[in-house]
Amino acid sequence: MTGKLDLDPLLVARARELARRAGQPVVDLARSHTTVSVERAVLRLAGVTGADPDGIPWVNRLVDAVVADVGLGHGVAVPVFDALAREGVTDVTLLAQKAAAGSVRFTVPTGRAATAARSAARRAVGAGIRRIDRRRAERDRLVKRHGDPKQRPWIYLIVATGDIYEDIPQAQAAARAGADVIAVIRSTGQSLLDYVPEGATREGFAGTYATQENFRLMRAALDESSKELGRYVRLTNYASGLCMPEMATLAGLERLDMMLNDSMYGILFRDINPIRTFVDQRFSRQVHARAGIIINTGEDNYLTTADAVDEAHTVTVSQLLNEFFAHEAGLADWQLGLGHAFEINPEVPESFRLELAHALLARELFPDAPLKWMPPTKHMTGDVFRGNLLDGFFNLAGVLTGQGILLVGMMTEAVVTPWLSDRDIALQNVRYVLGAAGGLHEDFVPAPGGFIRRRANQVLGEALDLLERIGEQTLLTAIAEGTFGIMKRPADRGKGLAGVAAHEADYCNPATEILEGDAA
Amino acid sequence: MSAVDAAKKIVRPYGDTTGDGMVQVSFTLPVSHDKRAEGAAVQLANRMGIDPAMVVHAKPMGDGFTFFVVYGRVNHLVDLNAVQVVERDFALLSAKEVNTVVKQRLRRKLSVVGACIGTDAHTVGIDAILNVKGIAGEKGLEYYRELKVTNLGAQVSVPELVEAARAEKADAVLVSQVVTQRDAHLHNTREMSAAFREAMPAGRRPLLIVGGPRFDESMTDELGVDRIFGRGTTPGEVASYLVHALITQRKAMA
């Protein structure tokens, strides 16, 4: 605790304990269920690649075939590696092709066959995880060689043309102009696809499809930029939606550096089934932990739907829950890009002081996390001049409160997808504030008993009240009743529910075994 | 138009003196910054009707691009009497206003059922309108407290849609069609509207709304639907239309 807000350490400890209590039943649920996407991620780690002529990935075809024969609850690893041995095939992708053609039957083996299938699966999946380990070591080497950005916060910029070959020069130009982190926005609606598209893509809707090949191409381009610029330029994508475990896996395999990965976003904003989300979440976070990927959580989104003053405490509650789920999955504090945003209506009196109170509260509650600071969107009106001023204040709040990752705000937010000049003006804004006031956080200590301290303590108090209420009724009920961001999401509804199954007694997932074994 | 405006017929932009015609524009040219680039900016401004044009700011951006800010006087006149605007035939309401009208005048939740029908798997449009996430900074219909939204997703058959509309007691059915191969969007829409006509009597039919980037908004009669929304439609427009068509207009006629 850095002690600028005089937070009561007993209350903070109480808040963490309540978050643990609210989160634990969800963890238990996640530990006793699996999903089609978790199983597809396991197969990707075991080496299944590519897609059929219609573009449906072989992992989808293979999981569907196993589910049709023996269901999902045993996990697909053992039935697949049992079939591999029976068919005398060595390549899992080839087995997927045969299964799709209907020439393979899957069973749940027992006795020696089961033992053999388990150890074969563990060997294959272990090889995939070792590939992720090698990519992490490679990142460490490159960061050492090229160096981290000289300043905090890291400057985070978005590109999204829909065409990966257009994205690449734009991302490289952004890096040259000062971006430390490049995020490639996904095509609208990809989060609701129950498969990961394949190959390099040149068409998207307001974004570029996240595919393994696109990941690889962009990472290679930014490696060039890192070398040219003498600082390691990080790459971000999205582990969210129905394929989040696979996205995390592909990110680990292709050395992405950050992933958007929120515990509740898909439930609230995409109406994905809560159980599906929590199961997929846990697996994806375990992979991120292993891959050394920094996650970015999505608390900023609550403030785009709910009032940023009245509902400020829901951000704190969600941050505490995200922290609990992250630690439980093995992520370290330096990997927690907990989100929050500058979304208070600028017409509210003292809005900037309120923003400072909220941002500093997050900083003090999570002193070792690289907080992700999100720019104004809700109150960007199309008045680009006012927007640029607001972004300047957003940048100032970022440096005053020691934020770790600053997503660069665009004055043309809600007007156009950023033009080249919009990005340049936005970066100029950031550079000015960082240059003029980069160290101001040293001098910024809110007065004891003053407005900012009082407000921060009030928000913490409201967060505690909400956590107490959640404690009485469980997190799933709270989500069902619309506690976060207004949306009501019951556990038996939402997209992707069909792809969830409770574990059978003999459930086997070699990836989870390895990830949990080594994490402990 | 205010009384002051009504007195004017011809106007020019206003900088600091009536009739000075001053405007300010900014743009980027794909050329490196040098004298010639500034000359190119002046030439563009001149062709836009700005004369004289002052390049007050020119800044290189990355390789081979320059950003300009130009001030100058335009020689165009605007004839206010010749201004033509297409008025929307319904008022644009905020989410709060939509909720209030539904709550006070319908006195129950307004039920909306949405789907992509036929083989169309592009849920981009329907999700942009219905998902809370929304589009262009506007939240989708799910965000509206007084709307009950059922999003059936992609590749829904027409009978399934009719059944869902019946089960959810839909006040409105929203259908999105992106794929236009061999006019699939038109065939699917006709099939859908015919099915609803067959399944339900006129007074009990939900409002039928179709949307997609390639529809002609004036084809409602031909397709048998109540409204067509084209490219760039936002959730707020759809919500406002629902309130207009189902509540405000209906009550006014009753």
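Residue numbers begin at 1 in each chain, while the letters A, B, ... track the order of the sequences.
With salt bridges taken as basic N to acidic carboxylate O contacts below 4.0 Å, one links A:Arg276 and A:Asp194. Look at A:Asp52 and A:Arg61 and you find a salt bridge, because one of the NZ, NE, NH1 or NH2 atoms lies within 4.0 Å of a carboxylate O, short of that distance. A salt bridge between A:Glu228 and A:Arg176 is present, with a side-chain N of the basic residue lying under 4.0 Å from a carboxylate O of the acidic one.
Proximity to chain B (any heavy atom under 4.5 Å) is restricted, for A:Gln428, to the side chain, taken from C-beta onward. Looking at A:Leu420, both its backbone and its side chain come within 4.5 Å of chain B, counting heavy atoms on both sides. Both the backbone and the side chain of A:Arg270 come within contact range of chain B, judged by heavy atoms closer than 4.5 Å.
Within the structure, every pair that satisfies the side chain to side chain donor-acceptor pair (under 3.5 Å) test and touches residues 38-50 of chain B, not counting sequence neighbours, is listed here: B:His33-B:Glu38.
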